[in-house]
Amino acid sequence: MRLSTIQQDRAIGAILGSAAGDALGAPYEFQPSIGPDAPVTMRAGGPWGLGEWTDDTSMALPILWALAEGRSLEEEATLDRIVATWADWARDAKDVGIQTRQVLATARTAADARAATRALHADTGRTAGNGSLMRTGPVALGYLDAPDAVLAVVARRLSDLTHADPEAGDGCVLWSLAIRRAILDGALDLRAGLTQLPAARRELWAGRIDEAEARMPWEFTNNGWVVAAMQAAWSAIVHAEGLEERLAMAVRAGDDTDTVAAIAGSLAGAAEGASAVPGEWRRELHGWAGEATGTAQGLEAWAASAVASGGEQSGSARC
Ligand SMILES: [Mg+2]
């Protein structure tokens, strides 16, 4: 798909904004909210270096790479490759979410992963963590001109690899459609995707969006749950102006700060563009990128390739 310069900047912003939120939030993770006005700065903390991204960005990268290579996320072979890359990453990663770790411990293929998360769901009924929403940012980049229903199906399939609960898939559908809308016309509209959810759950999600707009990010405790994480991220976006302040607001949610900020950053970055990411953050951003060296420049280049390959997504994948 041919994008204008500003649309191109916004598409790259979905990736860079998410990585920036991830790195900004990492040192604040697993602590209570620091309060509504506390300063939030890009710094080192815990096991994380200054500007270092975490699992949120690391797990988004194999999806972004598949798109950058012109692969279709509708192909099972592409999903197999993504799961295998996640499994390689998870072996040495400093942080892997609980549900994701359980699924990836044995899975080498997409079918293995789906079977593992379904078994976990049958055992515990708890597979609605925020770990698929945190990595959904790249999906829209490959489907900028696809029908809404196609993007919705693909976003859910990616979520279903590790999170069997349909709540996690619902969150990814809403967020991916909102990211695409933001890239294409700069609008922030989370409700537009409601029509792509199963009819029985639309009203529930519409109420959750209303609730997010009525409350502040730190009022959504339990943000390891996909619903609360999305509400906190959306609350941060609607209650602040500008990418830096939106990401700071997301970090102030406390608890799973890097993930809430990574989620907020994928959508806020899509609306505001890569050019809204401060230069000093861009210089420090780094993290796991497989065999490559992970930098902001790398993220930008992969995002640009994913968009350039986007037109090839329907049936002409080079798998
Ligand atoms: Mg993380």
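Just follow the structure's listing: the first ligand is 1, and inside any ligand the first atom is 1.
Under a 4.0 Å N-O distance rule, the pair Arg201/Glu167 does not qualify as a salt bridge. Under the 4.0 Å criterion applied to side-chain N and carboxylate O atoms, Glu76 and Arg157 are assigned as salt-bridge partners.
Counting non-hydrogen atoms of other residues, nucleotides and ligands closer than 6.0 Å to CD of Glu213 gives a total above 12.
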Check step by step if side-chain hydrogen bond (donor to acceptor under 3.5 Å, both in side chains) holds for Ser18 and Ser266. CA-CA 4 Å; Ser18 185; Ser266 63; 4.9 Å; no

Yes or no on side-chain hydrogen bond (donor to acceptor under 3.5 Å, both in side chains) for Asp256 and Asn130, after CA distance, side-chain angles and deciding distance? CA-CA 9 Å; Asp256 204 354; Asn130 59 23; 2.9 Å; yes

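Counting only protein atoms, the N, O or S atoms lying less than 2.8 Å from the Mg ion (ligand 1) are Thr54 OG1, Asp55 OD1, Asp56 OD1, Asp258 OD2, ordered by chain and residue number.
If you check the side chains of Ser235 and His239, you find a donor sitting under 3.5 Å from an acceptor.
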